[in-house]
Amino acid sequence: MTDTGYVQALYLACGVLLLTAVVILWRRELAVIIRVFALQGAALAALAAITAAHQGSAELWAVAAGIAALRAGVLPWLLRRALVESGQAARETQPLVNVAASLLAAAALTMLAYAVSQPLVALAPSPATQAVPVGVAVVLIGLFVLVTRRRALSQLVGFLLMDNGITTVAFLTTEGVGLIVEVGVWLDVLLVVLVLQILTTRMRAAFGGTDLDDLRGLRDT
Amino acid sequence: MNLAATGLVVAAALGGLSAVVALVVPTRPRPVLVGLGTAASGAAAVTAGVAATGGQSFAVSLPELLPLFGVSLELDALGGLFVAVTGGVAVVAGIFGMSYSRHGIGGRSVQSVFPLFVVVMLLVPVAASVGTFLVCWELMALTSLLLVAAEHRQRPEVASAVRWYAVMTHLGLVSVLFGLLVFAARAGGDSFDALRRADLSPGVAGVVFVLTLLGFASKAGILPLHAWLPRAHPEAPSHVSALMSAAMVNLGVYGIARVGGDLLGGGPAWWWLLVLGLGAVSAVYGILQAAMSADLKRLLGYSTTENMGLVLVGLGAAGLFASSGQRVLAGLALAAALLHVINHASFKSLLFLAAGSVLHGTGTRDLDALGGLRRGMPVTTAAFGVGALAASALPPGTAFVSEWLLLQALVHGVAVPGLATAIVMPVAVAVVALTAGLAVATFVKAFGVGFLAKPRSAGAQQATESPATMLVGMAFAGAACVVLALEPAMVLPALARVGGVVFGSLESAVGGEVTLRLEGVAGVLSPLLLALALLAAVVVTVAAVRAPGVRAARREARLWDCGGGPMSARMEYTATSFAEPLQRVFDDVVQPELDVDVDHHEESAYLVRAVEYRRRVADRVERRLYEPVLAVAWRWGEAGRGLANGSVHRYLGYGFYTLCGLLIVLVVLR
Amino acid sequence: MTELLITAPIALPVVAAAVYAAVGWRRTTAWVSAGSAALVLAAAITLALDTMRGGPGEAVGGLLRVDALSAFMLIVIGAVGLLAAVATPDYLRGEMLTGAASMRTATRHSVLVQLFLAAMALAVLAANLGVLWVAIEATTVVTAFLVGQRRTRAAVEAAWKYVVICSAGIALALLGVILLNYAAAHTAGHPGLDLALLALSAADLDPDVTRMATALLLVGFGTKAGLVPLHAWLPDAHGQAPAPVSALMSGVLLSVAFYAILRVKLIADAALGTGFARALLVAMALASLLLAASLLLAQRDYKRMLAYSSIEHMGLVALGAAIGSRLALAAVLLHVLGHGLAKAVLFLGAGRMLQVTGTSSIAGVRGLAAHQPVLSGCVGFGVLALIGLPPFSLFASELGIARAGFASSLGWATAAAFLLVLIIAAALVGHTSRMLLGGPAVDGPGAATSPRPLPVSMGAALIGGLLGAAVLGVTAGPLAELLSHATSILTGSTP
Amino acid sequence: MQALLVVAVAPLLVGLMRQIRARLEGRAGAGVAQPWRDLRKLLRKERIAPRGTSEVFRAAPLVLVATTLVVAVVAPFVTTASAIDPVADLFAVVALLALGTVALALAGLDTGTAFGGMGASREMTIIALVEPTMLVAIVALSVRAGSTNLATIVSSTLHDPARLVSPASLLAAAALVVVIVAETGRLPVDNPSTHLELSMVHEAMVLEYAGPDLALIELASAMRLTVFLGLLANLFLPWGIATTATPLALLLGVLALLVKIALLGAVLAAGEVFLAKLRLFRVPELLAGSFVLALLAVAASFFLA
C-alpha cells in the first residue's frame with residue numbers, strides 16, 4: 001500500500017468513526033443506532049487493518065480480526081438481542097438534551113478534543129497521530145451519550161462508543177498496547193456488556209422497563 | 001528509678017491491672033476490686049506527683065508505641081502537680097465507687113474503663129511530645145466518653161450528653177491538634193524539647209497559642225466552648241463526675257500553662273489578657289447559671305466552669321505580670337491559680353461524691369424535690385456542708401485562701417503599666433468579687449434547700465445513709481478540704497517550683513509556715529489562726545451565754561405558722577423560689593423563659609383553679625452561639641442531600657463536566 | 001519458589017472459586033473461603049518478609065512483581081478478606097433464614113467473592129499498568145452481581161449505577177494508560193507500561209502528554225477509589241451489597257484502586273514535578289471530604305452513612321498522598337490498613353443490624369445496645385475508630401497526615417480537610433449514638449425482633465477486626481519496617 | 001479589750017439611734033440603755049427548739065456572734081496594733097462578717113417555713129451583691145496603700161491624709177456607706193423594726209428565735225452595726241487612733257472611736273427618719289449602683305496611680 005493510499009484510507013476510516021458517532025447522537029431509533037454502531041466497529045476494524053497493512057505486522061492483523069469480530073459482530077449482536085427482548089415500547093431513546101443541542105454539544109466536544117490533542121500530535125507528528133483528535137472526540141461523545149440518554153441500551157452504546165474511541169486513540173498513537181493487555185481489555189469490555197445486558201433484563205423484570213429515570217430509589221433527598 | 005518514676009509506673013500498672021481484673025472477675029467482687037485498684041493507683045500517683053513537685057524528674061522514651069510517632073514521657077514539677085491532684089481525686093473516687101458502682105454500673109465495660117480513665121489522665125501531664133500528648137488527650141476523651149455513656153439506658157438525656165460531649169471534645173482536640181502541629185511543623189520536631197527550643201515568629205506563636213487555648217479552654221469548661229460540661233458532668237455516674245470535674249478539667253489549665261508558659265515561653269501581654277478575659281467571663285457566667293440551677297449536679301457542673309474561670313483569671317494575671325517583668329507578682333498570681341486548682345479538686349470531688357450519695361439515697365438530684373436529708377443522711381449532709389463552705393469562698397474554707405491570694409495579686413496589678421491593665425485589672429477584681437458573692441448565694445441554696453428544712457418528696461423522706469465505703473471516700477475528700485483550708489502553706493514550696501517551670505525561674509512569692517506571708521508585697525493571712533480565733537470566739541460566747549444560769553435544756557415548740565395549722569413541705573421555699581430574686585436581678589443576663597398557665601373556674605374568670613408555672617433558664621450563650629451553628633449545619637445537611645438525588649445521569653454528569661473542565665484547564669494552561 | 005509464592009495470592013482464590021463452582025456452598029465448604037483468605041494473608045506476610053530481605057521479586061515473565069508496597073497491599077487484602085470470610089457463613093445463614101438467599105445464591109456469592117479477591121490480588125501484583133487496569137476493571141465485573149445479589153429493585157438499580165459509572169470512569173483511565181504508553185514509546189528507554197521501568201525513565205516522558213494522561217488516570221482510578229467526581233456509585237453499591245462484600249469493597253477495593261493512583265503519582269511526580277498530581281489530588285480530596293460532610297450531616301440510612309464515611313477516608317488518603325512526604329505516605333498506608341479493618345467490622349456489623357432489625361434506616365433503630373450489647377459495642381467502637389480516636393490506628397495515621405500536612409505547603413488545605421473531618425465525626429457520632437444508646441425501644445421496627453444472640457464466628461470477626469485496628473494503633477511492630485520500605489518505594493528513595 | 005468595748009457599746013449605739021429617731025419623730029423614746037435591758041430579759045428566758053430544726057439552727061447565733069467578735073478583736077478600732085495581725089486583713093474581715101450572715105440564712109432555711117426561706121433568699125440576694133461591692137471597695141482603698149491589711153491601710157492614711165480626698169477614696173466611701181446600710185439591715189434596704197411579711201428580710205430569718213438565742217442575734221446585729229461604723233470611721237477618718245500602746249494614746253483612741261461611732265450613728269438615724277423603705281426589687285438597683293461606684297473607685301485608683 002502506498003503512503004498516500006494509506007493516509008487516505010486512514011482518514012476515511014477516521015471520518016467514518018466520527019460520522020457514526022455523530023449519527024448515533026442524532027438518530028432516535030435504537031435499531032438504527034445499533035446498526036450504525038456496528039458500522040463504527042467495522043470502521044475501527046478497518047483502521048486496524050489499514051495500520052496492519054501499512055506495518056505489515058501479523059500481530060496487528062490478528063488484532064484487526066479480533067476487533068472486527070468483537071465490535072462489528074458480537075457486541076452489535078448482543079445489543080440487538082437485548083433490543084428484541086425489550087419489546088416495542090423501548091425502541092426509541094429519550095434524550096435529556098434535545099437532538100439539536102446534542103449535535104451542537106458534539107461539535108463543541110470535537111473542538112475540545114482537537115484542542116486537547118495538540119500535544120499528542122506534537123509529540124510525534126505523523127498522519128496517524130494527526131487523526132488522534134477523532135478518537136478523543138469519540139470518547140467525549142460517548143461520555144456525552146452516557147450522560148444524556150435515558151434508555152439502558154443507549155447508555156450501553158455510549159459506553160461502547162467511549163471504548164471505540166479509546167481503541168482508536170490506541171491504534172493511532174502506538175499501534176496497540178501489547179497483546180496481553182489488549183486481550184484483557186477486550187475481555188473486560190465484553191464482560192461489562194454481558195453484565196449490563198443481564199442487568200437490563202433484571203431491570204425490566206424489576207421495574208417493567210429500561211427507562212433509567214425509574215432508577216431513583218437509592219438517593220438521599 | 002526514683003520515687004517519681006516508681007510511683008508513676010506503679011500507678012499505671014495498677015490501673016491497667018484493675019482494668020483487666022474488671023474484665024475477668026465475676027460481678028459481685030468486681031466494683032470492690034476495681035475501686036481498690038483505682039484508689040491504690042491514685043495513691044501511687046500522688047506519691048509520684050509529690051515527689052516530682054519536690055524536684056525529682058523522670059523521663060522515658062518508647063519509640064515502639066504509637067506508630068509513626070513513638071511515645072515519650074517526662075515527669076517534671078508542673079506535670080507532677082497535676083499528677084498528684086488527679087491521683088488524689090482518683091483515691092477518693094475509687095473508694096467511693098466500691099459501693100456506688102453496685103447500682104447499675106457494675107458492668108464489665110464501665111468498670112474496666114474507669115481505672116483506664118484515671119491512668120490516661122495521669123499520663124496527659126507526663127506526655128513529652130506532641131504525638132504522646134495528643135494520644136493521651138484523646139484517650140482521656142474516649143474513656144470519659146464511655147463513662148458518661150454508662151447510664152444511657154436509665155435516662156434519655158445521657159445520649160444527648162454523650163453527643164454534645166463527643167462533638168465538643170473533638171472540636172477541642174482539633175483545635176489543640178492544629179495549634180500543636182503548626183508549632184511542631186515550625187519547630188521541626190515533635191518532642192517538647194524541640195518545641196521549647198523553637199524560634200517562632202510572633203504571628204505564628206500567637207496562632208499556636210490561640211488555637212491551643214481554645215481547645216484547652218473547652219476542656220476546662222471555659223466559655224464559649226463550655227456547653228458540654230453542664231450536660232456531661234451531671235449525666236455521668238457521680239464518682240466519674242468527680243473525676244471529670246475535679247481532675248479532668250484541670251488538665252485544660254495544665255495545657256494552657258504548659259503550652260503558653262513552658263513551651264512558648266510566655267509571650268506578649270495580649271495572650272494573657274485573652275486568658276484573663278475568658279476566665280473572667282466564665283467565672284461570672286458559670287456561677288450565675290449555677291445560682292439559677294435547681295439540678296444539684298448541674299449546679300456543681302456550672303460551678304466548675306466558674307472555678308476554672310477563676311483559675312484562668314489567676315493564670316492570665318500571672319502571664320501578664322510575667323510579660324511585663326513583674327516576676328514576684330507573676331509568682332503570686334500563679335500560686336493563687338494553682339492553689340485554686342488544688343482546692344477546687346478537693347472540694348469539687350467532695351461535693352460530687354456527696355451529690356452521688358444523695359442520688360444513691362433518694363434517687364433524685366432535683367433540689368426542688370430534696371430537703372431534710374440531715375436526718376436520714378447525716379454524714380452526707382456534713383460532707384456537703386464542708387464542701388459548700390469550701391466552695392463559697394468564706395473563711396475558714398479552702399477557696400477563701402486561694403481567692404484571697406488571687407485578689408492580692410490583682411490588687412498589686414497596678415504595678416503593671418499600660419491602659420489595658422488599668423482597664424482589665426479593676427474588672428477582674430470586680431469579677432472575682434461578684435463571683436464570690438454569687439457563690440455564697442449558690443451554695444447556701446444548695447445546702448440549705450437540699451439538705452436542711454423538710455423533705456419535699458417521698459424519696460427525700462425515705463433517704464437512708466449510704467454504705468460505709470462511700471462515706472469513707474467522702475471523708476477522705478473532706479479531710480483534704482479541711483487540711484488545705486487550715487494549712488495551705490504546706491503546698492507552697494511545690495507551687496513555687498511549678499511556677500519555675502511555667503514562667504522560668506520565679507522568685508518564691510508566698511512563704512510562711514502557719515501564716516501565708518507574701519514576699520515582696522505586704523500581705524499576711526493565717527487561715528489556721530483565723531479558724532482558731534473563730535473557735536475561741538464561739539467558746540467564749542457559749543460560756544458567756546451559759547454563765548448567767550440559763551437552763552440548758554430546750555423546750556420543743558411549734559413553728560410559727562400564722563395560726564394556720566402545721567406547715568407542710570409544699571409551703572417551703574424551693575431552690576427555684578430561692579433563686580428567684582437573684583434571677584430577677586440578673587434578668588437581662590440569664591434571660592429565663594417563663595411560662596405561666598392559669599386555669600380558671602368555669603363560673604368566673606376571677607376564680608383560679610390551678611396555676612402552672614414553668615421556668616427554664618436556658619444557657620444564653622448556647623442559644624446565641626450554638627443554635628445558629630446547628631441551624632446552619634442542619635440546612636447544609638438538607639441542601640447537601642440534593643447532591644445525591646438518585647439520577648445516574650447527574651452522577652455521570654459530575655464526571656463529564658469535571659473532565660471537560662479539566663481538559664479546558666489543561667488546554668488553557670499549556 | 002518465590003515465583004509460586006507470588007502467584008499464590010491469585011491462584012488460591014481461583015482454586016477456591018473452582019471448588020465452590022464444582023461442589024457448591026454447603027456446610028463442609030463454608031469455611032473454604034476463610035481458608036483461602038487466611039492463606040492469602042499468610043502468603044502476603046511471607047512475601048513481605050521476602051521483599052524486606054531480598055528486594056522485589058517477579059513472576060510470569062515479568063507480568064507480576066512484588067515489592068514492599070504490593071506486599072503491604074496484599075496484607076490489607078488478606079486481613080480484610082479474612083475478616084469478611086470468617087463472618088460470611090453466619091451472614092449467609094442469616095440471609096437464608098429470612099429467605100433472602102438460597103443455596104445457589106450462596107454458591108454464586110462464594111465463587112464471585114473468591115474471584116474478587118483474585119482480581120484484587122492481581123491488581124496489586126501487576127507489574128504492568130495495563131494489567132493493573134484490566135484487574136481493576138475485572139473487579140467491577142465480578143462484583144456487579146454481588147451488588148445485585150438480592151435482585152430487588154434497589155439491588156438492580158445499585159448494580160446498574162455501579163457498573164455504568166465505574167466502567168465509564170475506568171474507561172477514562174484506560175485512555176490515560178494509552179496516552180502514557182504513547183508517551184513512553186517516545187522515550188529512550190521504551191519502558192512500555194512496566195511500572196518500575198516507567199518510574200525509572202519518567203524524566204524523559206513528554207510532559208504535556210503525561211500531564212493529560214495523569215489527569216485521566218487520576219480521575220479514572222479515582223472513580224473506583226470513591227473519589228469525587230465519579231463517586232456516586234459508592235453509597236448505592238455499598239448500601240445494597242451483602243455485608244461481607246460491602247466490607248471487602250469498602251475496606252479493600254477502594255484502597256486497591258488508590259494503590260493504582262499511588263503508582264501513577266510516582267510516575268507523574270518524576271515526569272512533571274510534584275505540583276500537578278498534588279494539585280489534582282488536593283482538589284479531589286477536599287471535594288470528596290466536602291461531599292461526604294454534606295451528605296453525612298442529614299443522613300438517614302446507616303449503610304449509606306458508612307459508605308460516605310469511606311468517601312471521607314479516601315479523601316483523607318488522597319490528601320496524604322498529595323502531601324507526599326515520607327511521614328504522610330507512611331500514614332496513608334497505615335490508614336489504608338486501619339480503615340480497611342474498621343470499615344470491614346462496621347459493614348459486617350451493619351449487615352447484622354439489618355438482619356436483626358429489618359431496617360437500614362437510622363431512625364428505625366433505637367436503643368440497640370439494650371438488646372444487642374456485643375453487636376452495639378462493636379459498631380460503637382468501630383465508629384469511634386472511624387472518627388480517629390485512639391487506641392485505633394486511624395488516630396495515628398490521621399495524626400500523621402495532619403502533621404505532615406502542616407509541615408508542608410498544604411497547611412490550609414489540611415486545616416480545611418480536618419475541619420470537614422470534624423463535622424463528619426460529629427455527624428457519625430450523632431447518628432450512631434441515636435441508634436445505639438437509650439433504653440430498649442418499646443415499639444417500632446427496631447424492637448419487634450426477639451433478641452438473637454450474635455453468632456460466635458461473626459462476633460469473632462467483629463472483635464478480631466477491632467482488636468487488630470487497636471493493636472496496630474498501639475504499636476505497628478514488625479509492620480513498621482514494611483511500612484518504611486513501602487514508603488521508600490513511594491518516595492522513590494532507598495530505604 | 002477592743003472586743004469588750006464593742007460588746008458594751010453596741011447596744012448603746014442602737015439605743016442611741018432609736019432615741020434620736022424617736023426624738024425626731026416627736027416621741028419621748030425608751031432611753032439609750034433600753035437595748036441592754038431587752039437583752040437581759042431575753043437571756044433569762046427559757047430556751048426553745050422549734051420542731052424540725054437542727055444543729056444548724058442552734059449554732060447559727062453562736063457563729064454570728066463569734067464572727068463579729070473576731071472582727072471586733074482584730075480590726076483597728078482603738079489602736080493600729082492588731083491583736084492577731086495575720087487575721088486583720090480586710091478581705092478576711094468582710095468574709096467573716098459574710099459568714100455570719102450565711103449562718104443566719106441557713107438557720108432561716110432550716111426552719112422549713114415560708115418566712116425562713118423567704119428571708120434567707122432575700123438576704124442571700126442582697127449579700128451576693130453586697131459582698132462584691134465591699135471587696136471591690138476594699139481593693140480601691142488598698143491599691144494605694146499597697147496592702148489589704150487593715151492596720152497598714154489605716155496607718156498609711158494617717159501618714160498621707162491628702163489621699164482621702166482622692167476620687168478613689170471618695171467613691172469607695174460612698175459605695176461602702178450604701179453597702180453597710182444594706183448589710184446591717186437599715187432603711188432603706190430593710191426596716192429593722194418591721195414584722196410585715198412582704199417587706200421583711202432580716203426579721204424573717206430570725207422569726208423562730210426566742211430567748212437567749214434571740215438575745216445573741218440582737219447583740220450580734222448591734223455589734224455588726226458598730227463594727228461596720230467603726231471600720232468606716234477608721235478607714236476614712238483615722239484620726240485619734242492609737243499608734244502607740246501608751247495608756248494615754250489608748251484612752252484617746254477609745255474616746256475618738258466612741259465619738260466617731262456616735263456621730264455616724266446619729267447621722268444614720270437622722271437619715272432614716274427621712275427615708276422610706278425601698279421595694280425589695282429596687283434594692284438591687286441601689287446595690288448595683290454602689291457596686292459601680294466601687295468599681296469606678298478601683299478604676300480611678302488604677303488610672304491615677
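Here the structure is a predicted model, which is why all the values come from computation and not from measurement.
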| query | Just wondering, do B:Glu403 and D:Leu135 contact through their side chains at under 4.5 Å, heavy atoms? | reply | no
Determine all donor-acceptor pairs shorter than 3.5 Å in which one atom belongs to a side chain in residues 426-435 of chain B; sequence neighbours excluded.
{"from": "B:Thr435", "atom 1": "OG1", "to": "B:Val431", "atom 2": "O", "distance (Å)": "2.5"}

| task | Please identify each residue that fulfils side chain to side chain donor-acceptor pair (under 3.5 Å) with B:Arg375, with sequence neighbours left out. | result | none
| task | Among the options D:Ala105, D:Ala120, D:Ala98, pick out the one with the most heavy-atom pairs lying under 4.5 Å from chain B. | result | D:Ala120
| field | B:Glu580 side, atom CD; D:Arg122 side, atom CZ - distance, nearest 0.5 Å | value | 9.5 Å
| Just wondering, do B:Leu389 and D:Leu99 contact through their side chains at under 4.5 Å, heavy atoms? | yes
| said: Testing the basics here: between D:Ala66 and B:Leu534, what is the closest heavy-atom pair and its distance to 0.1 Å? | reply: CB-O, 4.0 Å
| task | Among D:Glu131, D:Glu123, D:Glu208, single out the residue with the greatest number of heavy-atom pairs under 4.5 Å to chain B. | result | D:Glu208
| message | How close do B:Ser577 and D:Ser121 get, counting heavy atoms only, and between which atoms? | response | O-OG, 3.9 Å
| Heavy-atom closest pair, residues D:Thr111 and B:Lys454 | O-NZ, 3.9 Å
| said: Using a 4.5 angstrom heavy-atom cutoff, name the option from D:Leu295, D:Val102, D:Val298, D:Leu106 with the most pairs to chain B. | reply: D:Leu106
| Flag side-chain contact, heavy atom, 4.5 Å: D:Leu109 against B:Phe578 | yes
| remark: Most heavy-atom pairs under 4.5 Å with chain B, out of D:Val56, D:Val139, D:Ile138, D:Asp89, belong to D:Asp89
| task | Mind ranking D:Ala128, D:Ala210, D:Ser142, D:Ala297 by heavy-atom pairs under 4.5 Å with chain B and telling me who comes out on top? | result | D:Ala128
| query | Is chain B contacted by the side chain of D:Leu96, its backbone, both, or neither, given a heavy-atom distance below 4.5 Å? | reply | both
| task | Please report the closest heavy-atom contact between D:Phe91 and B:Phe400, naming both atoms and the distance. | result | O-CE1, 4.1 Å
| Exercise: identify the closest heavy-atom pair between D:Ala95 and B:Pro395 | CB-CD, 3.2 Å
| field | Option among D:Thr68, D:Leu219, D:Leu216 that satisfies the side chain to side chain contact (heavy atoms under 4.5 Å, CB included) test with B:Thr541 | value | D:Leu216
| request: Name the region of D:Phe57, side chain, backbone, both or neither, that has any atom closer than 4.5 Å to a heavy atom of chain B. | output: neither
| request: Find the distance between OG1 (D:Thr67) and CG (B:Leu530) and round it off to the nearest 0.5 Å. | output: 10.5 Å
